[in-house]
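Structure first, commentary second.
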Amino acid sequence: MRHLRLNRAARTSALGTAALIAALSLTACQDGGQAAADASVATPGTSDTQPSADAGAPAPRAGGAAGSDSGEDSAPDTGQASGSGSGSATGPTKADPAAATRQDGGKDTGPVTRACDGGNSKVTLTPVSRPLNHMLLTVTNTGSTACNAYYYPFLRFGEAQSTPPVIEESKPQAVVTVLPGESAYAGVMTSSADGSGTGGYSTRKAVVHFQGRDGSGSTGPSANAHLSKAVYVDSTLAVTYWQTDMDDALMY
């Protein structure tokens, strides 16, 4: 009888131990699963619904980190090399096409500096039908090199002691360069069409004086403009600047 009780106690103890071990194992499994689940949630980037840690932060500029924007825009490309002037431009430069005949401050800056005058040119003065009371003054280069017709002609009719004023609106953008055999032109208004001029007289004599590069007065020999018939002039007498085209000379 005593032996039977001991066997029962031993079996009860073994069963209790086995139950305890099973319970401990179950608890460990549950704790490990929860830890794994917690680790899965806590690990960034493992869930499609996990928001990025940088959500809402400003996007970084190209070549720089976020938050380093100074608020200044980069300077636009002007096509010029930077520096203090010791470098050259990034692109080819173009020569000024008007350099040979350009006027800066009333003076020619081109390579042609010789003035047209009575020694290298001839002049003609011819009447025209339109505009009324106008004549066309033509200077033709008879030399072997180019010359410049500077400013406007100093024109004297008869025994006049002064030259007529110039029509300022006729000033061209550049000095007129006359190649050998070519011509330049100036318009001459001999008298007003409405008869408002005073001190009129008729003459068959006209002399042309030419201006130099500095515009300080006449230069070189003068030239006689032979008139086929007498021309009437009065106080409204005026001339244009030298032009490259006769139509331009007669539009004033």
Side-chain angles (χ1 to χ4, degrees), residues 96-143 145-158 160-193 197 206-227 231 233-252:
D96 184 355
T101 58
R102 187 180 58 208
Q103 276 189 340
D104 288 340
K107 294 184 178 180
D108 177 43
T109 60
V112 179
T113 59
R114 184 183 183 185
C116 299
D117 57 34
N120 56 32
S121 307
K122 70 174 182 178
V123 297
T124 59
L125 186 60
T126 56
V128 295
S129 57
R130 291 288 185 276
L132 292 176
N133 302 337
H134 275 67
M135 302 186 77
L136 180 66
L137 178 62
T138 303
V139 56
T140 302
N141 185 349
T142 59
T145 59
C147 64
N148 283 338
Y150 290 107
Y151 308 104
Y152 56 92
F154 289 150
L155 180 60
R156 295 181 186 272
F157 280 98
Q161 299 300 309
S162 61
T163 59
V166 66
I167 301 172
E168 288 295 340
E169 292 81 0
S170 65
K171 186 175 183 179
Q173 294 182 349
V175 173
V176 177
T177 298
V178 187
L179 300 178
E182 296 187 354
S183 302
Y185 308 91
V188 182
M189 186 179 74
T190 56
S191 60
S192 60
V207 180
V208 179
H209 298 267
F210 298 86
Q211 296 195 62
R213 182 181 181 184
D214 58 6
S216 61
S218 61
T219 185
S222 60
N224 293 320
H226 300 285
L227 302 175
V231 175
V233 296
D234 63 18
S235 60
T236 60
L237 177 66
V239 299
T240 70
Y241 282 86
W242 291 113
Q243 309 289 332
T244 58
D245 187 272
M246 64 177 65
D247 291 334
D248 293 339
L250 294 175
M251 67 182 296
Y252 299 95

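Numbers here simply count residues along the sequence, with the first being 1. Since we're looking at a predicted model, the values are computed, not measured.
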Intermediate values then yes/no, side chain to side chain contact (heavy atoms under 4.5 Å, CB included), F154 and Q211: CA-CA 8 Å; F154 289 150; Q211 296 195 62; 3.4 Å; yes
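- Side-chain contact, S121 with N141: no donor N or O sits under 3.5 Å from an acceptor N or O.
- Looking at residues two or more places apart in sequence or on another chain, you find a side chain to side chain contact (heavy atoms under 4.5 Å, CB included) between S191 and N133, Y232, D234, T236.
- Residues that satisfy the side chain to side chain contact (heavy atoms under 4.5 Å, CB included) test with L125, not counting sequence neighbours, are M135, L137, F157, V188, A206, A225, L227.
- Applying the side-chain hydrogen bond (donor to acceptor under 3.5 Å, both in side chains) test to S218 and every residue at least two apart in sequence or in another chain returns nothing.
- Summarising the geometry, atom CE belonging to M246 is positioned 4.0 Å from atom OH belonging to Y185; distances are rounded to the nearest 0.5 Å.
- Atom OH in Y252 sits 8.0 Å away from atom OG1 in T240 (nearest 0.5 Å).
- With a 4.5 Å cut-off on side-chain heavy atoms, V139 and V123 count as touching.
- Taken from OG in S183 to CH2 in W242, the straight-line distance is 9.5 Å, to the nearest 0.5 Å.
- Looking at Y150 and V175, their side chains come closer than 4.5 Å, going by heavy atoms from C-beta outward.
- Partners of Y241 according to the ring pair (Phe, Tyr, Trp, His ring centres under 6.0 Å) rule, which considers only residues two or more places apart in sequence or in another chain, are Y152.
- Counting all heavy atoms, side chain and backbone alike, V178 lies closest to A149 at CG2-CB, 4.3 Å.
- Counting heavy atoms from C-beta outward, L136 and L250 have side chains that approach closer than 4.5 Å.
- Every residue was checked against the side-chain hydrogen bond (donor to acceptor under 3.5 Å, both in side chains) condition with T219, not counting sequence neighbours, and none meets it.
- Of all heavy-atom pairs spanning A223 and G118, the tightest one is CB-CA, 4.1 Å.
- With hydrogens and angles ignored, the 3.5 Å screen pairs a side-chain donor or acceptor of N148 with a backbone N or O of V112.
- When all heavy atoms of S162 and R156 are compared, the closest pair comes out as N-NH1, 3.5 Å.
- Annotation for A186 and A249: closest pair C-CB, 3.8 Å, computed over non-hydrogen atoms.
- The side chain to side chain contact (heavy atoms under 4.5 Å, CB included) search around N120 returns R114, C116, D117, C147, not counting sequence neighbours.
- Between I167 atom CD1 and M189 atom CE the span is 6.0 Å, to the nearest 0.5 Å.
- Within the model, atoms NE2 of H226 and NZ of K122 stand 11.0 Å from one another, a figure rounded to the nearest 0.5 Å.
- Counting all heavy atoms, side chain and backbone alike, A146 lies closest to L179 at CB-CD2, 3.8 Å.
- The two atoms that bring P153 and V239 nearest to each other are O-CG2, 4.0 Å, heavy atoms only.
- With values rounded to the nearest 0.5 angstrom, D214 atom CG is found 11.5 Å from T113 atom OG1.
- A donor-acceptor pair under 3.5 Å links the side-chain atoms of Q243 to the main chain of S170, judged by distance alone.
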